[in-house]
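Worksheet: the structure to be examined is printed underneath.
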Amino acid sequence: MIFTVTFNPSLDYIVSVNDFQLGMTNRTATELMLPGGKGINVSIVLKQLGLDNTALGFVAGFTGDEIVRKVEESGINADFIRIQEGISRINLKMKNIDGTEINGMGPEISADKLEELMMRLDQLKEGDVLVLAGSIPQSMPNDIYRDILQRLEPKKIMAVVDATGDLLMNVLQYHPFLIKPNNHELGELFDVKITTKDQVVPYAKKLQEKGARNVLVSMGGQGAVFVSEAGEAYMAEAPKGELKNSVGAGDSMVAGFVTGWIMEGDYGHAFRMGVSTGSASAFSENLATKAEVEEVFARCEITKY
């Protein structure tokens with residue numbers, strides 16, 4: 001079974017505004033309300049690619065109710081923990097104004113609620129997949145991802161971590177199956193600037209030396225790089241297409257890679273699926289459908305170095 005965790009899910013209110021004027025009353029030209037959060041995005045794309053999964057996390061208030069409703073509407077098993085105080089956040093995303101966003105804070109998560117999540121994770125079994133994705137609320141310790149993988153280490157689950165900074169570095173000692181920084185995040189980890197695919201490989205290997213098994217690095221319009229636990233490096237140019245929405249593209253890449261690996265057990269195929277799925281979401285107004293992924297997959301090329 002596949003499980004995703006989103007500690008701070010949201011309702012994403014995605015709008016476009018024609019001729020936006022600061023300090024004036026503006027009206028939306030288009031609007032869309034979607035459940036948000038990196039883990040939820042991964043869950044949605046996994047389901048659209050045919051893989052059942054369970055979404056875990058915390059929700060509060062009327063916005064939390066709507067997040068659960070929309071997640072279940074997508075065919076995903078929603079197993080969120082209810083927080084009695086506060087509300088789940090609303091994120092305003094103005095998609096035609098240089099990606100301008102205003103993100104809410106979300107509810108405070110108490111120690112007992114966190115332990116409730118831990119007890120649910122204790123039910124995972126050997127071979128299950130756990131995706132930890134995204135940021136955490138300010139009320140939580142920044143070693144929470146490490147604590148989860150430490151607690152689950154005896155179970156030999158397949159852990160996938162899409163996070164930045166200490167959240168990512170703290171888990172490496174527990175040998176996650178896959179980590180997915182982008183090139184900017186990878187550079188920040190080592191205080192360098194990474195702009196080319198060739199520069200990615202040595203730093204991806206440094207993360208493997210620290211414990212990561214497989215490293216997938218997204219590079220936006222430049223494509224992606226993957227370094228496998230067998231020491232093989234794969235590179236891909238970004239497939240051609242019209243960029244419509246970059247929100248969720250990285251999460252879609254994670255979902256595509258996991259799907260490709262589960263289906264074929266081959267790293268080259270998984271990488272190609274990851275690149276295709278991330279690109280398909282970028283070319284779509286919403287997260288990619290299976291048909292959209294298949295169209296991009298047919299023309300996606302990867303190179304093994």
Side-chain angles (χ1 to χ4, degrees), residues 1-12 33-91 104 106-137 139-140 144-163 167 171 176-178 248 251-252 254-255 258-259 262 287:
M1 185 62 181
I2 306 173
F3 300 84
T4 68
V5 177
T6 308
F7 280 102
N8 205 7
S10 63
L11 277 180
D12 287 352
M33 186 77 78
L34 299 172
K38 294 178 72 64
I40 288 176
N41 289 341
V42 173
S43 276
I44 291 171
V45 177
L46 285 170
K47 181 62 180 179
Q48 292 181 170
L49 293 176
L51 295 183
D52 291 332
N53 66 92
T54 296
L56 299 163
F58 301 94
V59 293
F62 74 99
T63 47
D65 293 341
E66 184 64 6
I67 290 168
V68 172
R69 189 187 71 81
K70 286 184 173 294
V71 168
E72 291 177 339
E73 196 175 64
S74 299
I76 298 159
N77 177 32
D79 191 17
F80 292 95
I81 294 168
R82 300 277 179 173
I83 306 295
Q84 299 306 314
E85 301 294 330
I87 62 171
S88 294
R89 57 191 182 140
I90 298 175
N91 294 341
E108 183 169 328
I109 299 169
S110 63
D112 63 316
K113 290 296 183 182
L114 183 56
E115 180 58 24
E116 189 175 335
L117 173 66
M118 291 293 201
M119 292 176 65
R120 294 190 188 187
L121 292 174
D122 284 341
Q123 305 307 309
L124 271 64
K125 303 180 293 295
E126 181 175 347
D128 283 343
V129 179
L130 176 64
V131 180
L132 300 174
S135 61
I136 60 174
S139 60
M140 300 189 66
I144 182 61
Y145 282 5
R146 182 199 65 188
D147 291 348
I148 289 172
L149 294 197
Q150 181 183 44
R151 184 159 171 161
L152 296 179
E153 186 178 26
K155 294 180 177 291
K156 299 180 181 179
I157 63 165
M158 195 172 102
V160 177
V161 181
D162 183 3
L167 270 180
V171 305
F177 171 77
L178 179 72
D251 310 324
S252 298
V254 170
V258 170
T259 301
I262 288 175
L287 296 171

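The basis for the numbers below is simple: all heavy atoms, side chains too, and nothing from hydrogens, waters or symmetry mates.
- Side chains of Thr6 and Ser43 form no contact here, defined as non-hydrogen atoms less than 4.5 Å apart.
- More than 12 heavy atoms of other residues, nucleotides or ligands sit less than 6.0 Å from atom CD of Glu115.
- Using modelled atom types, one finds a donor on one side chain and an acceptor on the other under 3.5 Å when comparing Ser10 with Asn91.
- Atom CD1 in Ile148 sits 4.0 Å away from atom CZ in Phe7 (nearest 0.5 Å).
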Do Ile67 and Leu11 pass the side-chain contact (heavy atoms from CB on, under 4.5 Å) test, and can you show the C-alpha distance, the side-chain angles, and the key distance before you say yes or no?
CA-CA 6 Å; Ile67 290 168; Leu11 277 180; 3.9 Å; yes

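- Here Ile40 contributes atom CD1 and Lys70 contributes atom NZ; the two are 11.5 Å apart, rounded to the nearest 0.5 Å.
- Glu108 CD: 12 or fewer foreign heavy atoms inside a 6.0 Å radius.
- Across every non-hydrogen atom of Met119 and Gln123, the tightest pair is O-NE2, 3.4 Å.
- Between Gly39 and Ala133, the shortest heavy-atom distance links the atoms N-CB, 3.8 Å.
- Side chain of Lys113 to main chain of Arg82: a donor-acceptor pair is present (N/O by atom type, distance under 3.5 Å, no hydrogens or angles).
- No side-chain heavy atom of Leu34 sits less than 4.5 Å from a side-chain heavy atom of Leu287.
- Side-chain atoms of Thr63 come within 3.5 Å of backbone N or O of Ser88 as a donor-acceptor pair.
- For the atom pair OG (Ser110) and CE (Met140), the distance works out to 10.0 Å, reported to the nearest 0.5 Å.
- Rounding to the nearest 0.5 Å gives a distance of 9.5 Å between CG of Asn41 and OG1 of Thr4.
- Side chain of Lys38 to backbone of Ser135: no donor-acceptor contact under 3.5 angstrom is found.
- Using a 4.5 Å heavy-atom threshold, the side chains of Asn53 and Lys47 count as touching.
- From Ile136, atom CD1 reaches atom CG of Asn8 across 9.5 Å, with rounding to the nearest 0.5 Å.
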Tell me which donor-acceptor pairs under 3.5 Å the side chains of residues 125-132 have, and how far apart each pair is, sequence neighbours excluded?
unit_1 : atom_1 : unit_2 : atom_2 : d
Asp128 : OD1    : Met1   : N      : 3.0
Asp128 : OD2    : Lys125 : N      : 2.8

Could you check Val161 against Leu149 for side-chain contact (heavy atoms from CB on, under 4.5 Å), going step by step and ending with a plain yes or no?
CA-CA 10 Å; Val161 181; Leu149 294 197; 4.2 Å; yes

I'd like to know whether Met118 forms a side-chain contact (heavy atoms from CB on, under 4.5 Å) with Ile144, so could you lay out the CA-CA distance, the side-chain angles of the two residues, the decisive distance to 0.1 Å, and finally the verdict.
CA-CA 10 Å; Met118 291 293 201; Ile144 182 61; 3.8 Å; yes

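- Across Pro35 and Ile44, no two heavy atoms sit closer than the pair CG-CD1, 4.0 Å.
- Considering only heavy atoms from C-beta on, Asn77 stays 4.5 Å or farther from Asp52 through its side chain.
- Nearest heavy-atom pair across Val45 and Ser252 is CG2-OG, 3.5 Å.
- The main-chain N or O of Leu121 is never found under 3.5 Å from a side-chain atom of Arg151 such that the two would form a donor-acceptor pair.
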Can you check side-chain contact (heavy atoms from CB on, under 4.5 Å) on Glu72 and Val68, steps first, answer last?
CA-CA 6 Å; Glu72 291 177 339; Val68 172; 3.8 Å; yes

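- Rounding to the nearest 0.5 Å gives a distance of 12.5 Å between CZ of Phe177 and CD1 of Ile157.
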